[in-house]
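Nothing fancy with the numbering, it's 1 onward along the sequence. Quick caveat: nothing in here was measured; it's all calculated off a predicted structure.
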Amino acid sequence: MATQLEVPTISLDRDPAAVGREIDEVLRTVGFFQVVDHGVSDAVADRCWQLTRAFFDLPLDDKMPIARAEGGQFGYFPMLAESLANSLDAMDKGDLKESLNVSGGLAVGHTPVDATEASLFAVPRWPEALPGLQPAWQAYIGEMRTLADRLLSIFALGLGLPAEYFADKVDRAPVSQRAINYPEQDTAPDEGVLRAGAHTDYGTLTILRQELGRGGLQVHDPKTDAWIDIPSTPGALVINIGDLMARWTNDRWTSTLHRVINPDVGEQKSNRRQSMPFFHNANYSQVVECLPNCEGPNGERRYAPVLAGPHLIEKATKAVA
């Protein structure tokens, strides 16, 4: 009988090389883990979380002025506007969620190579009805950038590379912060419609804060074809790698299929759920190819080199329902 997949919780407040070895072992089997002792400010995170909840509570007329432009990747996404399963060509119906997606902005001194790259650094628009949202998000994005840099340094050590290996490959990367509201469900939705359809993430890594006491996030275990719950753990952030990092490591590390399922509408309690994922990527013009020590036993390389930016845009564009 196959052993059920486990999503471990890892403390970062230890020797980075030891943490790297542990993460390497985890990512060889499942692309997800949770971290504690991560250094993210509770005050910054809580304020961002609370103001984001206030944003989703605004009337639709106050949110639509910052709605995503046609063909764009940023702004407010109303209900059913996105189907994450479509990024894998599953052609599912729209997801039962609304979201706000914001670019992390240009690195100081960086000039995009073309209009396509520039689109990934679009200047965010903010709701006039909630002026505190912008500074709260900017502060939180700063915390996420710091943690992402720390994780990539640990990743490098886990791969037997210098701690700074990824630094000059991500220093001008397009990053984005997203918040997702999964509204109350009073009745069961149509068959096959989920809060978020099965998908993999696109870039290097994702950092997710999820709501305590609200389940639904699941990862797929390919060995047993089972879906495994990721519990909401106090103080923990969920980390997973995306398709780009899986390619970079020649599938030494896995980008795991995941989804958000619907709640049991028969339960006599609130089932609204909020989450905040931060998506990290490599520099737009970075060539991503098999890392020096990730080749197969006979030097096999599973993937042709790709440019990180076009890879990201192709995936994200497919997801728009």
Side-chain angles (χ1 to χ4, degrees), residues 3-16 18-50 52-53 97 99 140-141 143-148 150-152 154-155 158 177-182 194-196 198-201 204-221 224 226-242 245 253-264 267 269-280:
T3 303
Q4 180 171 293
L5 198 69
E6 293 185 3
V7 178
T9 299
I10 298 173
S11 170
L12 297 185
D13 190 19
R14 296 178 291 136
D15 171 43
V19 178
R21 290 191 294 270
E22 184 175 352
I23 288 175
D24 177 46
E25 288 299 317
V26 169
L27 292 179
R28 287 171 184 260
T29 55
V30 59
F32 275 76
F33 56 96
Q34 298 198 73
V35 294
V36 293
D37 306 318
H38 43 66
V40 173
S41 165
D42 288 339
V44 169
D46 289 346
R47 178 164 177 74
C48 186
W49 183 271
Q50 292 159 7
T52 298
R53 177 63 60 92
K97 67 178 189 297
S99 61
Y140 187 71
I141 289 171
E143 295 282 333
M144 293 295 98
R145 285 185 180 275
T146 297
L147 179 55
R150 182 181 181 187
L151 286 168
L152 284 172
I154 293 171
F155 282 8
Q177 178 65 50
R178 169 169 282 204
I180 306 170
N181 179 48
Y182 305 95
L194 296 176
R195 283 183 153 176
H199 65 285
T200 55
D201 288 347
T204 55
L205 64 89
T206 301
I207 305 171
L208 173 76
R209 179 176 179 171
Q210 58 174 343
E211 186 155 2
L212 293 177
R214 300 286 192 276
L217 177 61
Q218 296 182 326
V219 297
H220 183 249
D221 182 352
T224 63
W227 287 94
I228 311 302
D229 293 327
I230 299 183
S232 53
T233 303
L237 294 169
V238 180
I239 312 296
N240 65 281
I241 67 162
M245 185 60 74
W253 292 353
T254 181
S255 179
T256 306
L257 202 66
H258 54 286
R259 67 183 185 181
V260 180
I261 61 171
N262 298 310
D264 182 352
E267 295 181 1
K269 62 180 182 180
S270 171
N271 59 39
R272 179 180 178 177
R273 184 180 192 271
Q274 180 170 297
S275 67
M276 291 183 61
F278 172 81
F279 298 106
H280 189 274

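- Residues Trp253 and Asp24 approach most closely at NE1-OD1, 2.8 Å, considering heavy atoms.
- Atom CD of Glu22 and atom OG of Ser11 lie 9.0 Å apart (nearest 0.5 Å).
- Two residues are said to be in side-chain contact when any heavy atoms from C-beta on lie closer than 4.5 Å; Leu147 and Leu237 meet this criterion.
- Heavy-atom minimum distance, Thr52 versus Ala179: CG2-CB, 3.3 Å.
- In this structure, Arg145 and Phe278 have side chains that are in contact, with non-hydrogen atoms separated by less than 4.5 Å.
- The ring-ring contact (aromatic ring centres under 6.0 Å, His included) test applied to His220 returns Trp227, not counting sequence neighbours.
- Pairing each heavy atom of Phe155 with each of Met245, the nearest pair is CD2-CE, 4.2 Å.
- Between the side chain of His258 and the main chain of Asp201, no donor-acceptor pair closer than 3.5 Å is present.
- Two residues are said to be in side-chain contact when any heavy atoms from C-beta on lie closer than 4.5 Å; Thr256 and Asn240 fail this criterion.
- Atom CZ of residue Phe33 and atom CD1 of residue Ile230 lie 11.0 Å apart, to the nearest 0.5 angstrom.
- Panel note: side chain Arg259, backbone Leu194; no donor-acceptor pair is recorded below 3.5 Å.
- Between the side chain of Arg150 and the backbone N or O of His38, at least one donor-acceptor pair lies under 3.5 Å.
- Looking only at side-chain heavy atoms (C-beta outward), Trp49 and Glu211 come within less than 4.5 Å of each other.
- Here the side chains of Val30 and Ile228 are not in contact, with every heavy-atom distance at 4.5 Å or above.
- Atom CD in Gln34 sits 9.0 Å away from atom CD1 in Ile239 (nearest 0.5 Å).
- Expressed to the nearest 0.5 Å, how far OG1 of Thr204 lies from CZ of Phe279 amounts to 11.0 Å.
- Remark: the backbone N or O of Arg214 is paired with a side-chain donor or acceptor of Arg273 at under 3.5 angstrom.
- For the pair His280 and Ala148, the tightest heavy-atom approach, listed with the atom from each and the gap, is CD2-CB, 3.7 Å.
- Within the 3.5 Å criterion, the main-chain N or O of Pro277 finds a donor-acceptor partner in the side chain of Gln177.
- Under the 3.5 Å distance criterion, the side-chain polar atoms of Arg195 are left unmatched by any main-chain donor or acceptor of Lys97.
- Between Val7 and Gln218, the closest side-chain pair of non-hydrogen atoms is not below 4.5 Å.
- Taken from CZ in Arg53 to CD in Gln274, the straight-line distance is 4.5 Å, to the nearest 0.5 Å.
- Closest heavy-atom contact between Ile10 and Val26: CD1-CG2, 4.2 Å.
- Rounding to the nearest 0.5 Å gives a distance of 13.0 Å between OH of Tyr182 and CG of Asn271.
- Judged as a side chain to side chain contact (heavy atoms under 4.5 Å, CB included), and not counting sequence neighbours, the contacts of Ser232 are Gln210, Leu212.
- Of all heavy-atom pairs spanning Pro16 and Ile154, the tightest one is O-CG2, 4.0 Å.
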